[in-house]
Protein chains: 2
Amino acid sequence: MQHHDPEALAVGLLSVSRALVDGISAGVRARGFDDVRPAHGFAFARLAPAGATITQLAEHLDVTRQAAAQLVDELIAKGYVQRSRHPDDARARLITLTGKGWACTRAAEAATADAVRPWAAILGEDRLRALEHDLLRIAPHGPLRPTW
Amino acid sequence: MQHHDPEALAVGLLSVSRALVDGISAGVRARGFDDVRPAHGFAFARLAPAGATITQLAEHLDVTRQAAAQLVDELIAKGYVQRSRHPDDARARLITLTGKGWACTRAAEAATADAVRPWAAILGEDRLRALEHDLLRIAPHGPLRPTW
DNA sequence: CAGATTAGGCAAGTAGCTTGAACATATGAG
DNA sequence: CTCATATGTTCAAGCTACTTGCCTAATCTG
């Protein structure tokens, strides 16, 4: 009876993840957004639906509020997000994507599709869907934390 | 759901990778090695077979030679590796694991097995092996680059 | 309405990388 | 054999994305 090999699984997982991040990053840059880093993508993912406060963003990214504030300052300076008054709390500020931020998000989605496409050619649609399904089953709940 | 969903696949992949790295890191710390970071593990992987030079390690980690040298200095200070004269080239130094370095490597292997074990319970042995197999098929060749 | 809590900002410090320059050894052309 | 060039490493300084510590303003609680 054949056992699985934790080392090989770990290598495969980390290699593919790294390749995915690198591929998305390259695709986003190729689409003209050359001043964003992978970490920004994780922020965009939290901001996209309806915006967020600095504190919420910090929790999502698993960094201090100060670090999140610095990241937001940078993204504002680059034109990807905007800071506006929070409708419900005068202490807080609501951070939302600008048009450029949404365009960059769409570029990241397209880049992701590009990065994944060759895998479909290698594995076939069925096994790729099985891969996705199984990964989501073993993935922890909670926010997608950055990492690169 | 006819087609695969690149976004869902990316989220699954990155979530599971992050969970794996966090799990290994926690397991290694729990085994008494609380002064190593995930990045060190990628260095150990290159050094384990037969040692390496600073330059080889830098290429493997995809950092400058200076950064690799700093990392090695740190690992020497902590007792995980040693620097000795290179047998074939008087310019180079051969970096190899110490006994403590090997012990930490074994701890990382055990921690990896621990981190992966719950997945086998969720997916079953067969699908976990299929996951490993498919990931290795789509993984790029070349060194496993660090990342955390 | 007083005290505790929460959102955010300001300042300084740090870890882990970078670039730039130097030095030692190796290699190859003449 | 000698010199020019390439390679392996190290020293020094700087940068970036974080951190900790403290501060103010607004909100919640009793």
Side-chain angles (χ1 to χ4, degrees), chain A residues 18 21-22 25 29 34-47 50-78 80-96 143 145-148, chain B residues 18 21-22 25 29 33-44 46-47 50-78 80-96 143 145-148:
Chain A
R18 167 81 187 224
V21 172
D22 288 350
S25 182
R29 271 187 275 104
D34 58 347
D35 57 356
V36 282
R37 293 176 290 108
H40 297 146
F42 292 91
F44 288 5
R46 180 63 181 81
L47 298 175
T53 65
I54 292 282
T55 296
Q56 291 170 333
L57 187 58
E59 283 168 3
H60 178 78
L61 300 178
D62 198 24
V63 295
T64 59
R65 283 164 302 171
Q66 290 88 331
Q70 286 176 16
L71 188 138
V72 165
D73 286 342
E74 181 191 347
L75 288 176
I76 288 173
K78 290 176 176 171
Y80 290 100
V81 308
Q82 56 200 349
R83 190 166 12 212
S84 40
R85 313 184 61 255
H86 197 286
D88 303 332
D89 189 334
R91 294 170 303 180
R93 313 263 204 129
L94 187 63
I95 315 297
T96 52
R145 304 235 122 103
T147 245
W148 273 276
Chain B
R18 166 83 188 223
V21 171
D22 287 350
S25 182
R29 270 186 278 103
F33 301 95
D34 57 346
D35 56 356
V36 283
R37 293 175 291 110
H40 297 146
F42 293 90
F44 288 4
R46 179 63 181 80
L47 297 175
T53 66
I54 292 283
T55 296
Q56 291 170 332
L57 187 58
E59 284 168 3
H60 179 78
L61 300 177
D62 197 24
V63 296
T64 60
R65 291 177 303 258
Q66 292 89 327
Q70 285 177 16
L71 188 137
V72 165
D73 285 342
E74 181 191 348
L75 288 177
I76 288 173
K78 290 176 176 171
Y80 291 100
V81 307
Q82 56 200 349
R83 190 164 15 209
S84 40
R85 306 183 354 95
H86 196 287
D88 302 334
D89 190 336
R91 294 169 303 178
R93 314 264 207 130
L94 187 64
I95 314 298
T96 51
R145 304 232 120 104
T147 215
W148 274 276

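A note on names: the letters A, B, ... follow the listed sequences, proteins ahead of strands, and every chain is numbered from 1.
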Calculate the interatomic distance between [X] atom [atom1] and [N] atom [atom2]; express it in whole Å.
{"X": "B/R93", "N": "D/dT10", "atom1": "CZ", "atom2": "C1'", "answer": "9 Å"}
{"X": "A/L94", "N": "C/dA7", "atom1": "CG", "atom2": "P", "answer": "14 Å"}
{"X": "B/Q56", "N": "D/dT7", "atom1": "CD", "atom2": "C1'", "answer": "12 Å"}
{"X": "A/L57", "N": "C/dA7", "atom1": "CG", "atom2": "C1'", "answer": "14 Å"}
{"X": "B/H60", "N": "D/dG8", "atom1": "NE2", "atom2": "C1'", "answer": "19 Å"}
{"X": "B/H86", "N": "D/dT9", "atom1": "NE2", "atom2": "P", "answer": "8 Å"}
{"X": "A/F42", "N": "D/dA17", "atom1": "CZ", "atom2": "C1'", "answer": "16 Å"}
{"X": "A/R85", "N": "D/dA26", "atom1": "CZ", "atom2": "P", "answer": "10 Å"}

[N] phosphate, OP1 or OP2: any side-chain N/O from [X] under 4.0 angstrom?
{"X": "B/R37", "N": "C/dG16", "result": "yes"}
{"X": "B/R83", "N": "D/dT10", "result": "yes"}
{"X": "A/T55", "N": "C/dG8", "result": "yes"}

Response to the item:
Side-chain contact check for B/Q70: nearest option of D/dT19, C/dA26, C/dT18 is C/dT18

Worksheet item: In terms of side-chain heavy atoms of A/I54, which of C/dG8, D/dC18, D/dT9 is nearest?
Response: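 The listed nucleotide nearest to A/I54's side chain is C/dG8.
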
Categorize [X] for me: base, sugar-phosphate, or nothing, with a 4.0 angstrom heavy-atom threshold over every strand shown.
{"X": "B/A67", "value": "base"}
{"X": "B/T64", "value": "base"}
{"X": "B/T53", "value": "sugar-phosphate"}

What are the two closest non-hydrogen atoms of [X] and [Y], and how far apart are they?
{"X": "B/T64", "Y": "B/A58", "result": "O-CB, 3.7 Å"}
{"X": "A/R83", "Y": "A/I95", "result": "CG-CD1, 3.6 Å"}
{"X": "A/I54", "Y": "A/R65", "result": "CG2-O, 3.6 Å"}
{"X": "B/A43", "Y": "B/L61", "result": "N-CD2, 3.9 Å"}

Worksheet entry | Comparing A/Q66 and A/A92 on DNA chain C - which has the more 5′ nearest nucleotide |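 So the residue in question is A/A92.
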
Worksheet item: Mind checking whether B/H40 and B/L75 have side chains closer than 4.5 Å, heavy atoms only?
Response: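 With C-beta onward as the side chain, the pair touches.
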
Discussion item. On the side chain of A/R91, is there an atom forming a donor-acceptor pair with the base of C/dT6 - under 3.5 Å, no angle test?
Written reply: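 Check passes, donor-acceptor contact within cut-off.
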
Discussion item. Pick the closest DNA chain D nucleotide for B/D73 and for A/D89 by heavy atoms, then say which residue is nearer the 5' end.
Written reply: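 Checking each residue's closest nucleotide, the 5'-ward one belongs to B/D73.
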
Practice prompt. Using the closest heavy atom to pick a nucleotide of DNA chain D for each, name whichever of A/D88 or A/E74 lands nearer the 5' end.
Written response: A/E74

